[in-house]
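Each remark here refers to the structure printed beneath this line.
We name chains A, B, ... by the order of the sequence lines, and we start the count at 1 in each one.
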There are 2 protein chains.
Amino acid sequence: MSRTPPHPTREQIELPMVLDCLSDPIRLTIVYQLAQQERVSGELCCGDFNGLAGKSNLAYHFAKLRECGLMQTRVAGTNRFVRLRREDLDARFPGLLDAVIASAAKDADRLRLLPECEVVEAE
Amino acid sequence: MSRTPPHPTREQIELPMVLDCLSDPIRLTIVYQLAQQERVSGELCCGDFNGLAGKSNLAYHFAKLRECGLMQTRVAGTNRFVRLRREDLDARFPGLLDAVIASAAKDADRLRLLPECEVVEAE
DNA sequence: CCCGATGTTCAACGTTTATTGAACTATCGA
DNA sequence: TCGATAGTTCAATAAACGTTGAACATCGGG
């Protein structure tokens, strides 16, 4: 569990898998928030997403994002840091990631991927 | 069965649904071939895709593509013509469709969405 | 008016998916 | 060394998905 998990090579990244990965609201939110972070460190810790779902569910989504080549995991002590594989994705599918992120930003309210995600409970 | 089936309005088109729709190889192929057709009539007849899958299976994929807002169906006699909802998609998600199509074109051989799709049968 | 062609609808099926909680592993700090 | 923390793995479940074939509806041409 301590070693860095396997990632696909750049050439192994497949378009349908990437699109399928991005089609899930939780994963799209993760990607979107990682994209926001690109201007800073580019990295976020797994725990930073704990608000989105339960921990085991998040681990499932992280694995999918990693296996399809969308993001990269770095192990640091008891933490794991994730980041977008921006260079590989831009090389494989130029403009795709930016278009998806821009589209997500446009619909941020609709997708509920805003910083503060208030869940309104109707009775 | 004769009347034009329901389509979502432009504003009803949702990003995750569009991405999910595009993540299926058969649907991606349909979209890709419709995009090729944009320089000509922009339309193709349902039957033009009969090589991709069985007819009932195609009807299923057509329905998904229509319901997510990716394409439009026009009834003409006993035929049905489909086309990309280019304007609506570009308005909703600028650059997305083009990026996806360009990515698909880049991987056309890998995705087997070339005009002649030879299926190599290993014993 | 029927026949053939075009496509859809329906029920059935096996597979994949997302989600959960419990158990587990690994690391850091006191 | 012990305990708390971070995150993964596993088994179980329910829902959604893609594929199939048979039945159906509609239109155009003889």
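Both A:Gly54 and A:Ala76 sit near DNA chain C, but only A:Gly54 has its closest nucleotide nearer the 5' end. Along DNA chain C, the nucleotide nearest to A:Asp20 and the one nearest to B:Gly47 differ in position, and the one closer to the 5' end is contacted by B:Gly47. Each of A:Thr78 and A:Arg66 has a nearest nucleotide on DNA chain D; the 5'-most of these lies closest to A:Thr78.
Using a 4.0 Å cut-off, some side-chain N or O of A:His61 falls inside it from OP1 or OP2 of C:dT19. OP1 or OP2 of C:dT17 lies within a sub-4.0 Å distance of a side-chain N or O belonging to A:Lys64. Between C:dT6 and B:Arg80, no contact under 4.0 Å exists linking OP1 or OP2 to a side-chain N or O. Phosphate proximity of C:dG7 to B:Asn79: present, with a side-chain N or O under 4.0 Å from OP1 or OP2.
With respect to A:Arg86 and A:Asp90, a salt bridge is recorded, a charged nitrogen being found less than 4.0 Å from a carboxylate O.
Atom CG in A:Leu58 sits roughly 13 Å away from atom C1' in C:dT20 (whole-Å rounding). Rounded to whole Å, atom P of C:dA5 lies 17 Å from atom CG of B:Asp48. Rounding to whole angstrom units, NZ of residue B:Lys55 and P of D:dT19 are separated by 18 Å.
The CZ atom of B:Arg27 sits 4.5 Å away from the SG atom of B:Cys21 when rounded to the nearest 0.5 Å.
Closest to the side chain of B:Tyr60, out of D:dT19, C:dT6, D:dG21, is D:dT19. Ranking D:dT9, D:dA22, C:dG7 by closeness to the A:Ser56 side chain, first place goes to D:dT9.
Residue A:Ile26 is classed as a sugar-phosphate contact, given heavy-atom separations below 4.0 Å to backbone atoms only.
Using a 4.5 Å heavy-atom threshold, the side chains of B:Glu11 and B:Arg92 count as touching. The closest side-chain heavy-atom distance from B:Thr4 to B:Thr73 is not below 4.5 Å.
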